[in-house]
2 protein chains.
Amino acid sequence: MSSQERSAPRRRNPRGQGQVLKAQLVDAAAKLLSTLDQPETLTLRQVAREVGVAPASIYSHFPDLGALIQHVLRLRYEELARLMDQAAQSAPDPLVDLVARCAAYVRWGVGQPGHYRTLFGGRMPDDLVPGSAHGAGAELLEAVVTSLAAAAEGERRQPSAEQQWQAGLMLWTALHGLVSLYNDHGNIPWPPLDDLIADLLSLHTGRPAAEIAALLPQCGDDPGLAPDSI
Amino acid sequence: MSSQERSAPRRRNPRGQGQVLKAQLVDAAAKLLSTLDQPETLTLRQVAREVGVAPASIYSHFPDLGALIQHVLRLRYEELARLMDQAAQSAPDPLVDLVARCAAYVRWGVGQPGHYRTLFGGRMPDDLVPGSAHGAGAELLEAVVTSLAAAAEGERRQPSAEQQWQAGLMLWTALHGLVSLYNDHGNIPWPPLDDLIADLLSLHTGRPAAEIAALLPQCGDDPGLAPDSI
DNA sequence: GCACTAACCAACGGTTGTTTACTTAAGTAA
DNA sequence: TTACTTAAGTAAACAACCGTTGGTTAGTGC
């Protein structure tokens, strides 16, 4: 697994290029976080080994291990938020917006199980997860609540603010439960993911599942960002 | 936290009472598993300290740390299954059965966050979690699927077996997401738990939330087992 | 006294995060 | 070219843990 056991003493970066190692450290930590069975067992020395550098060298770029992890998590969190916003940015109406947003959420979570668990699994100490400090993805949640409420316009009865909030919460918990169990229990026979997303959104919007399914963006649509950054 | 630093060398148990320590070890491990922020970082030496015993003494009763943890998890799993069955055993009809079962699940999960995470959080290595080896609470899931299908009898269209399975899955993911997020993110303003349960079951059964809420057993009903065994 | 059981002590080999002191090399200015 | 400065990274050590083992002690009941 490790690229180099003890091969070359590693070509040192030139004078002003100290940031190169920093980027390598971030990439390696991200890769390990998403690869490890238990992301919270990420080790400073693992990162150092992955990059091929001495453990102490990390302290030139991050004050401690926690700061490195926190930096990686912040990047992932921003990536997810950006992805959801991009998915919804050209939506012609609130329902499409909601569907695109939720589909992006689920697909990102299923596509990156390690990162998802690390961000939303509640495993990391709270002060390490960026969103958690402000309410665990509060921005994402609020966007979903807003979209859901807007999509529910024109219903028979206008729900109160509390009801809107509760409905959004329920939707988020359902999305989270779907991603979590889908990721953690691959051994049970899951239906196609898109069917589940459509079914879930159908339940929470009251629209027929077929209508939702027709609105689901294709998997290849709007990748948002190429998988270059790991 | 630890009861005794290094006080007395611990009164030795009498001749035939070697099992006393075993029970104490199980209790201590269970307590630590439910208390620790990261249950998977449970340590043999932590258990030994909690009981006030030398680390090596554990090996008289369990072959290794994994066996001890596995034993504790099996107990918790059986406790949850028994609790759900007891909650539903005197249900007059499938809907009440379903509501009682799901309410028991959620309440147990919310009442014992550490145990719930340990069992269903996907944190432990698979071979340590008893249910996971056979499909992660497959029995619980099947019971829910059955109840949900029975409760949906008399609907307009009879769903196919696949549809029943998918509906049960969706219900379980929703329950799991609710418990997980409720436990992990206490900082966001949650509505009363019973409201959420009623709302969730209302979505998944198509019945009015008020009807479900009326069926919810009171919190004190049928404790099933006293909180004696930790 | 003797056998047995319950539990202990000390150690081994390993891991971890972090610190301190040091080396090497690149760029800069004389 | 040579000397100086400073960034980049290393090596070695530290103290704290970990799971596990082998051999040992001390009480108990016959």
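Proteins get letters first, then strands, A, B, ... in listed order; numbering begins at 1 in each.
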If the plane angle is over 60° it's perpendicular, under 30° parallel, otherwise tilted; pick one for B/Tyr105 and B/Phe120.
tilted
Within less than 4.0 Å of OP1 or OP2 of C/dA6, is there a side-chain N or O belonging to B/Ser57?
no
Between A/Tyr116 and A/His176, is a ring-ring contact (aromatic ring centres under 6.0 Å, His included) present by the stated rule, with each step listed?
CA-CA 10 Å; A/Tyr116 186 86; A/His176 173 69; 5.7 Å; yes
Look at the side chain of A/Thr146 and the backbone N and O of A/Glu142, then say whether any donor-acceptor pair between them is shorter than 3.5 Å.
yes
Please determine, for the side chain of A/Pro55, which listed nucleotide (C/dT18, D/dT10, C/dC8) has the closest atom?
C/dT18
At a cut-off of 3.5 Å, list every protein nitrogen or oxygen paired with a nitrogen or oxygen from nucleotides 14-17 of chain C, distance to 0.1 Å.
unit_1: C/dG17; atom_1: OP1; unit_2: A/Leu44; atom_2: N; d: 2.7
unit_1: C/dG17; atom_1: OP2; unit_2: A/Leu44; atom_2: N; d: 3.2
unit_1: C/dG17; atom_1: OP2; unit_2: A/Arg45; atom_2: N; d: 3.3
unit_1: C/dG17; atom_1: N7; unit_2: A/Arg45; atom_2: NH1; d: 2.4
unit_1: C/dG17; atom_1: O6; unit_2: A/Arg45; atom_2: NH1; d: 3.1

Parallel, tilted or perpendicular: which fits the ring planes of A/His204 and B/His204, with parallel below 30° and perpendicular above 60°?
perpendicular
Report the distance from atom CD of B/Glu40 to atom P of D/dC18, rounded to the nearest whole Å.
15 Å
Is it the case that the side chain of A/Ser147 and the backbone of A/Val144 share a donor-acceptor pair, with hydrogens and angles ignored and the cut-off at 3.5 Å?
no
N/O (side chain, A/His61) to phosphate O (OP1/OP2, D/dA8) under 4.0 Å:
no
To the side chain of B/Ala56, which of C/dT19, C/dC8, D/dG9 is closest?
C/dC8
Side-chain (B/Gln46) to main-chain (B/Thr43) donor-acceptor, under 3.5 angstrom
yes
Picking from C/dC8, C/dA7, D/dT10, which would you name as closest to the side chain of A/Val53?
D/dT10
